[in-house]
Amino acid sequence: MNKIEGTNDFVIRFATVNGSGSASANNLFARSLFRMGLAVSAKNIFPSNIQGLPTWYEVRVSTSGSLARRGGVDMVVAVNGQTLRQDYVSLEPGGYFFFDSSKQLPEDFTRSDITLIGIPLTLLVNEAFAGSKQRPLLQNIVYVGAVAALLDMDLSMLKNGIGRQFAKKPALAEANLKALELGHSYAREHHADACLLRVRGNRRTDNAIMMDGNTAAALGALYAGATVVGWYPITPSTSVIEAFARYAGRFRLDEEGRLRVAIVQAEDELAAIGMVIGASWNGARSFTATSGPGFSLMNEFLGLAYFAEIPAVLINVQRVGPSTGMPTRTQQSDVLSCAYASHGDTKHVLLFPSTPAECFELTATAFDLAEELQTPVIVLSDLDLGMNEHVSPPLEWNDELAYQRGRVLDAVALAVLAEKAEKWGRYLDRDGDGIPWRTLPGTDPERGVYFTRGTSHNEFSGYTEDSAEYVKNMQRLSLKWETAKLKVPAALIQVGETTPGFATSPGLIYYGTSYAAVEEAAALLAQDYGLKPAILRLRAFPFGPEVADFLKQHRPIIVVEQNRDGQMRQLLINECSNECGVAPVDVLSLTLYDGMPLASREVLSGLRQLLDEHGLPEASSQSRQGESA
Amino acid sequence: MNKIEGTNDFVIRFATVNGSGSASANNLFARSLFRMGLAVSAKNIFPSNIQGLPTWYEVRVSTSGSLARRGGVDMVVAVNGQTLRQDYVSLEPGGYFFFDSSKQLPEDFTRSDITLIGIPLTLLVNEAFAGSKQRPLLQNIVYVGAVAALLDMDLSMLKNGIGRQFAKKPALAEANLKALELGHSYAREHHADACLLRVRGNRRTDNAIMMDGNTAAALGALYAGATVVGWYPITPSTSVIEAFARYAGRFRLDEEGRLRVAIVQAEDELAAIGMVIGASWNGARSFTATSGPGFSLMNEFLGLAYFAEIPAVLINVQRVGPSTGMPTRTQQSDVLSCAYASHGDTKHVLLFPSTPAECFELTATAFDLAEELQTPVIVLSDLDLGMNEHVSPPLEWNDELAYQRGRVLDAVALAVLAEKAEKWGRYLDRDGDGIPWRTLPGTDPERGVYFTRGTSHNEFSGYTEDSAEYVKNMQRLSLKWETAKLKVPAALIQVGETTPGFATSPGLIYYGTSYAAVEEAAALLAQDYGLKPAILRLRAFPFGPEVADFLKQHRPIIVVEQNRDGQMRQLLINECSNECGVAPVDVLSLTLYDGMPLASREVLSGLRQLLDEHGLPEASSQSRQGESA
Amino acid sequence: MSSTRPSFRNPDIQPNEAGYSRRDYEGLISTLCAGCGHDSITSAIIQACFELALPPHRIAKLSGIGCSSKTPAYFLAKSHGFNSVHGRMPAIATGANMANRDLIYLGVSGDGDTASIGMGQFVHVVRRNLNMVYIVMNNGCYGLTKGQYSATADKGSRSRKGAVNLLESIDLCEMAIQLGAGFVGRSFSGDKEQLVPLLKAALSHHGLSFLDVISPCVTFNNNPESTKSYHWVREHREESSGLDFVPFRQTINTSYSEGATEAITLHDESVIYLHKPKAGPSITDRRMAIDTLEDHKAKGRLLTGVLYINPDSQDTHDLLNTCQKPLNSLGKDELCPGAAVLAAINEAYR
Amino acid sequence: MSSTRPSFRNPDIQPNEAGYSRRDYEGLISTLCAGCGHDSITSAIIQACFELALPPHRIAKLSGIGCSSKTPAYFLAKSHGFNSVHGRMPAIATGANMANRDLIYLGVSGDGDTASIGMGQFVHVVRRNLNMVYIVMNNGCYGLTKGQYSATADKGSRSRKGAVNLLESIDLCEMAIQLGAGFVGRSFSGDKEQLVPLLKAALSHHGLSFLDVISPCVTFNNNPESTKSYHWVREHREESSGLDFVPFRQTINTSYSEGATEAITLHDESVIYLHKPKAGPSITDRRMAIDTLEDHKAKGRLLTGVLYINPDSQDTHDLLNTCQKPLNSLGKDELCPGAAVLAAINEAYR
Ligand SMILES: Cc1ncc(C[n+]2csc(CCOP(=O)(O)OP(=O)(O)O)c2C)c(N)n1
Ligand SMILES: Cc1ncc(C[n+]2csc(CCOP(=O)(O)OP(=O)(O)O)c2C)c(N)n1
Ligand code: SF4
Ligand code: SF4
Ligand SMILES: [Mg+2]
Ligand SMILES: [Mg+2]
């Protein structure tokens, strides 16, 4: 048997039960790897349930620096009886099966291509911590200690982590440290050379942080000056609001200890978005966070905001649909419904962050855009990005930059206008770019008042059923959409290399949380096949001119996304093909939508299959180890 | 001045005030023309308001038999002071301005290219019906009588109509007849030769009916056996339910006088569609009718019905969006939001009736399809079709045909399955077409029970978070979508003629209520330019293979639709272009979305403009009179 | 305590009068937290249906979304179930009931599901007096989304994390009575003795039976300062009256009046016997019912038991005058007016 | 009748103490049906704001969809207005109020808008006690969609077409009191004498003031068998108590107690003086308020006037502990923690 070997390059899966405290132990493990400077990706795969069901935590470390899930499992820490068999089967040949040897394994567990590593977790803990209520929790730390031993991992980071966590509870800290040692020494003693996976500190992730996207988005909202939040709990978006509330409690207190923010837990999502619209109309920066089902409930109000031109920021942390779907799995399947939400001719601005740093940046940007464009802006995150902790560049903020509050006339500006006898109308296009000027309630006793409505209105916000006025207004909204194309964050492009056998370099398009897996797969393509596609990462809808250009220049185009119907591909064709003339047949779809965080191996094999028809050359170098999965 | 002349070929617009009883007088006029066998189109252009605002009623008669609105006004009956000027201006050169000469016209009403026809309506009525409370109503009949005289129209149909209307109120009938004569004789006396428009009975519309689409749709639901209705009032869909209730009260009573139908006025549209889903789940045919804002509220539930595969019929009578928009104007702008309603990967079956006869037919079909496909089916009507009375082929029903109730296992079928030891699972694809078998609650004490859910489920309707099971289910839903393509009503195609100067005959695509205007415009194209495009009328989404074929064969393709963003064009490209390879640049959009019923003149000029670039030849014959409008 | 409680000692073995064993009313194994109140309600439902000898397949189970709304998977595995979307169980139940008036509809919801997102549907299903049992498993919080306060959390109540709820609490029972529900009761997941007969009575009532069952969330809202904790409810609970429920088949042969202070005969001739500490106001008086509830609230006590019954209530079908035959069973001959009628209709539009 | 009613005879000419004429409070010309109750409420609103001398631009008008919800276009042309979507005015009002606590929020809704589609939002905005005046122009029907019954139509009420409403009617005032509104009143569009002081008091109250104003729909629901008709209301109305409202500026200098049986001082030191026929239960007692309402209902009478006041009610801002400064006026310096703090935050995630 060839044991899998490697330093700083493997996948370990912890198979546990939710609600049992394993999450924090697993987290301790992953964060310690991060603190050692490793490129680590950690995915929590948890059930839609509070306690007692199977959960997995998958940690990958990569020498190449990839932060993607890889696919395949090199070691499984199988401490959940319910899934023991499944975990056993899931292991790669050559892998390591770590189990609680307090109990016998079933007799038919007879794989000869893997290494069994039995640690009597229950017995160890029962013995060492007899009578302690903390036993189940400590057991988790025991396996962490054992795994550390197997990987020949320095314990200091783990110990630090325990110290931090229990800074205020020394007794617990002590017990945890003891548990760590317990596992560590048992494994050392009994499985000294069993495992060929190794961990060595390096400095791959200097300066990076490890944070979940929801916290980052919350901080983005905080930094952007959001003051009113209407929300309703829904997985996986809830923690955006929880983080926002936590930080607001620290950084948004006035001298009297009162909050400079109003966070209203609404009765439902209809109310939540209504509150956001009411607050934004009244000049506050306001947002909500939700997920699919909640988003569907917001459709009517989003049409109002589009048509009455009211800023609104909405963070949609996508999960698996349709309907209630899989609430604790990830997907990118609300793209179409967000882009065209609500009846009638509507279109909405979308932003697609890829990392926590970008969750921060683009959420903050969303507030600027919403106010500048006077329209809803939807940040499309997802469960993987939002709830998993990602190694990410640090959050960045420039104190010099002012908030872009858009075209708001205050009392002074209104007086100036009046003096110059210039016309103002709420929906009058004074600047020729489709964006009108608004005023806020309470601004001025005599000037600038207007009536907001979801019914058809003329340039002066008067109710109208006049066909020409209606059409004029709708065309201005189209013009505003054109303006938006130049204001939203541009797509990021990596130039490809002309590829033998292909007329042009193929073009890969992706967005959001797919980035790490796609980038890694592309790198592998280059390495293994000498094929270096051009890559475009979308960051916003509507698409800037660079997107149509890209579509024009590359053949084939492959759009990688995490939904069944190739939703972004549809948007690309709808919005760009008139300009760039691309034929839909040249735009291929690679859709991976099983709810798991995207794995680079899956992307690679998908790309290979699609490119094969276009004459992908034979793999140039050795096929990568384990890549056949 | 050249007066407009013509027999059975003109447009008259009645400009009145809503809530003043003019609607029924105008209706009397239009229906009488219809009874005389003329091709008449009548459009009620009314405000979103109950009383006191301007309303227009536009009647067109055409010798060619077109039932479209034409555009332009040959005679205006301007009896609303609020819009007198606007009505005056709107008149075609050579037209007739009919006004209440009890008052003077403003001095600056100085057009010399029109004929003034003053009738002192108020004075006449005040004199003849002194003291009667009915005066305002009778005044409407007076102008009808006068118009009849101007057109040299035989009064018998009008008299019949009055007789029918007041069959049970002879005193009112008499007063109305008197009013009719009053107007008639005054006009004869004072404006004998003023008008060169003429009406002569013929038999153009033998066998036809004149009905609004909502009534027809209601009858379709009645005939299809709908028994449960959940609804919430909203213009312009309310009258679907009202008509359904009316007919149910007549034709759905059991021996004890109890109703064989349950019509529940819900608290809102979320509840309305929920009731439909609950009832359909339980084996009743059930439907709702709504319009844009209501539809937006149904998004979440529609995703549930899609994913849990529950039949549901929804009639969306579209009005002008976005948001509250123009509730009493027409549009086809909910196409995209209906097609992809709800978060996640969802697609819905849509049907597009063009006439009342088809409202009847396709609504009935919707129930068959919904149950056969076990999915929501949305009938996309619109205000023009739904609320205006259209001359239409009669409603047709074949008593021989059974309801297609789809795959439902009753107790007997379950027993047979059990005997044969065959597997059944609610979401098991036994037939290879993606459509599973369902059972109804209460069917059998031991067999066929299952648990319905919006969460991810396996073939046996068990809850699952397993990636493979989830994907399998989603792929089956895609397969079902493919099956649907062959089950929905096919598009109707008229072959074109090869056109000089064009590589192929151009292809016109349209749907729904655009039919009359598009067909007329196409006929005019042929007549004036010798250009005979092929025409495809969509009747359903998803598109059958004939649609992709059509897209392949014609260049350019022009999609005519009543929305801003070319929504159907987007659907066509999304769904067909992979198959047929059409490049989006070859699919042109003619969008007319000002809220007025489509006018053939507008369509014609739009088509000409688009075709010009492709080398439309010079007009061969004389350009049609008045067509320049 | 009650003379009518069946004396089966081992219900798994001894079948009920319809020949079903208790196991026939069970469902899948619960995945809720150990100790969750909802599981106790689940088992009370199983017990009540078993004792009433309801044929499982004649029951339809409906729910919204939440830990509570998951429970239909854990009881009555032989009944069709529908776990719908958040807050919208009432609409599904209404449609289902309209389609087939002959089944028994058992709706389960949570306090989040009903008192927040579902408030509109709750109010209107009660107002229509739909013939169903509507159970709210009330834990004062959103269990499934990890413990946020719900609208039934009492003012002044403290969460596990120490936050005080400052908003008014919604009393769903009081609302239900006010809105015209025909049967309203409150109970506690920890008291099967009360809950089972209450459920049985509710199942026999014609019209909407609303049951607010306090059901502690052990994971997020079971600290003693929470008014929805086991501890608090046990300390502050009061029973309106002891309750015997005698299903109609038995009433014919028996008289169970001993000691009862009030007997209420339901639509199907089942009888509810109430044993009150003192002869108080009648439970069929709507205003009294509200008053009594408020009285207890003012004293900081939680009143449980049957709170109100209107034995003559008319359900939605009665109000709509629908036919007795289930609508989903009507054939084309009963539904379709036919081509000849259509010809006449066409004629009227000429 | 009331000693505090201003005596301006020609209000168009004489300005109020803030220097505004009555015309400054008017709006566009109404497009409602002639005789519609809503127009009378419109004019009472104009009158009340004028008399209170509120600066129009400090008021925000909000509404849903319906004939009633159109009225904000017909009053206060100098105030920003927001005619939102059907049933969702409360959410818009909540957001707006959160953004700027210093404006006065005047929400207008209909009985369809509030009691059907808007029920959930109504319940929750009341529960949060948002500082606003919430007026329902209650005609028992859906005016704008042509006369369907609404959920406030009384049981047994007959429509113009003769159909009898069989469903329970929802009493929004009773619900509002139960749910914790701080100020609840009912009135009649046909009685400006009562409506204007009621509106003034409501505008001065801190927290949610709910006003249910019966407002006949002359086009669809004004037949005498409708309990929302002019005729019926005039015949069956009863006044809880005469009402004087003395705004805080005046209270300082005046005493208006003569004949008053109860005086209630509001948060801003305005005073409401009640003149009751007999010294009845206090209007600040929540349970009494409900009881009195029910009493009148039982007698088939419609009770109008102030029904309940809690002068110490806490509004949403109080409950959320938000800062006094309007949130929409905070500058970046007050909002943004800055790059240095962010560096520290980053550090915590390493
Ligand atoms: C539209 C929508 N919004 C939010 C959610 C998320 N969600 C799931 S359960 C739940 C609350 C459940 O609370 P409750 O009804 O009290 O049930 P419990 O878990 O406490 O039994 C929420 C908000 C959802 N599923 N759908
Ligand atoms: C989502 C939605 N559903 C339905 C409608 C149609 N609609 C407009 S007004 C109205 C009812 C209004 O009734 P009410 O609030 O009582 O106002 P009224 O006209 O009686 O003053 C309805 C159902 C709508 N605009 N939006
Ligand atoms: S979280 Fe609370 S409500 Fe949910 S299962 Fe656990 S204890 Fe029960
Ligand atoms: S329909 Fe009724 S509510 Fe609407 S404006 Fe007319 S009278 Fe008023
Ligand atoms: Mg709960
Ligand atoms: Mg109303």
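Residue numbers begin at 1 in each chain, while the letters A, B, ... track the order of the sequences. None of the values given here were measured: they were computed from a predicted structure.
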Chemist: Under a 4.5 Å heavy-atom cut-off, does chain D meet the side chain of A/V229, its backbone, both or neither?
Modeler: neither
Chemist: Given heavy-atom pairs under 4.5 angstrom as the criterion, report whether the side chain, backbone, both or neither of A/R164 touches chain D.
Modeler: side chain
Chemist: Would you check if the side chain of A/R453 reaches a backbone N or O of D/S84 as a donor-acceptor pair within less than 3.5 Å?
Modeler: no
Chemist: Decide yes or no on side chain to side chain donor-acceptor pair (under 3.5 Å) for D/H80 and A/T443, but give the supporting numbers first.
Modeler: CA-CA 9 Å; D/H80 272 66; A/T443 297; 5.7 Å; no
Chemist: Counting N and O atoms only, with roles assigned by atom type, does the side chain of D/K325 sit under 3.5 Å from a partner on the main chain of A/D254, one being a donor and the other an acceptor?
Modeler: no
Chemist: Give the minimum heavy-atom separation between A/V449 and D/A77, together with the two atoms involved.
Modeler: CG1-O, 3.4 Å
Chemist: Quick one: does A/Y223's side chain have a donor or acceptor within less than 3.5 Å of a partner on D/G338's backbone?
Modeler: yes
Chemist: In terms of heavy-atom pairs under 4.5 Å with chain A, which of D/H86, D/R58, D/Q121, D/Q324 leads?
Modeler: D/Q121
Chemist: Measure A/R250 against the heavy atoms of chain D and call it side chain, backbone, both or neither at under 4.5 Å.
Modeler: neither
Chemist: Side chain from CB out, backbone as N, CA, C, O: work out which of these in A/Y247 comes under 4.5 Å of a heavy atom of chain D, or both, or neither.
Modeler: side chain
Chemist: If you count heavy-atom pairs within less than 4.5 Å of chain A, which of D/A343, D/G81, D/S329, D/G120 leads?
Modeler: D/G81
Chemist: With the side chain counted from C-beta on, respond yes when D/V123 and A/E267 share a heavy-atom pair under 4.5 Å apart, and no when they do not.
Modeler: no
Chemist: On a heavy-atom basis, which atom in D/N346 and which in A/I209 lie closest, and how many Å separate them?
Modeler: O-CG2, 3.5 Å
Chemist: Give, as side chain, backbone, both or neither, the part of A/S461 having an atom under 4.5 angstrom from any heavy atom of chain D.
Modeler: neither
Chemist: Is the backbone of D/A339 close enough, under 3.5 Å, to the side chain of A/D399 for a donor and an acceptor to pair up by distance?
Modeler: yes
Chemist: Return yes if some donor-acceptor pair links the side-chain N/O of D/N328 with the main-chain N/O of A/N282 below 3.5 Å, else return no.
Modeler: yes
Chemist: Is there a donor-acceptor pair closer than 3.5 Å between any side-chain N or O of D/R350 and the backbone N or O of A/N207?
Modeler: yes
Chemist: Is it the side chain or the backbone of D/A73 that comes within 4.5 Å of chain A heavy atoms, both, or neither?
Modeler: both
Chemist: Under 4.5 Å, counting heavy-atom pairs only, tell me which of D/S63, D/P337, D/C336 racks up the most with chain A.
Modeler: D/P337
Chemist: Which region of D/L103, side chain (C-beta onward) or backbone (N, CA, C, O), has a non-hydrogen atom less than 4.5 Å from a non-hydrogen atom of chain A, or is it both or neither?
Modeler: side chain
Chemist: For D/I92 versus A/I277, what's the shortest heavy-atom pair and its separation?
Modeler: CD1-CG2, 3.9 Å
Chemist: Which atoms of A/A308 come close to chain D, meaning under 4.5 Å heavy atom to heavy atom: side chain ones, backbone ones, both, or neither?
Modeler: neither
Chemist: Look only at the side chain of A/R260 and the backbone of D/L330, and say whether a donor-acceptor pair between them is shorter than 3.5 Å.
Modeler: no
Chemist: Considering only heavy atoms, which portion of D/R128 lies under 4.5 Å from any heavy atom of chain A: side chain, backbone, both, or neither?
Modeler: side chain
Chemist: Heavy-atom cut-off 4.5 Å, strictly under: side chain, backbone, both or neither for D/P90 against chain A?
Modeler: neither
Chemist: Among the options D/D102, D/I59, D/T94, pick out the one with the most heavy-atom pairs lying under 4.5 Å from chain A.
Modeler: D/T94
Chemist: Kindly indicate whether the side chain of D/L62, heavy atoms from C-beta on, has any atom under 4.5 Å from the side chain of A/W281.
Modeler: yes
Chemist: Pick whichever of D/L319, D/N100, D/V341 has the most heavy-atom pairs under 4.5 Å with chain A.
Modeler: D/V341
Chemist: Could you check which of D/M89, D/H124, D/E347, D/R127 has the highest count of heavy-atom pairs closer than 4.5 Å to chain A?
Modeler: D/H124
Chemist: Go through the atoms of A/L304 and report whether side chain, backbone, both or neither lie under 4.5 Å from a heavy atom of chain D.
Modeler: side chain
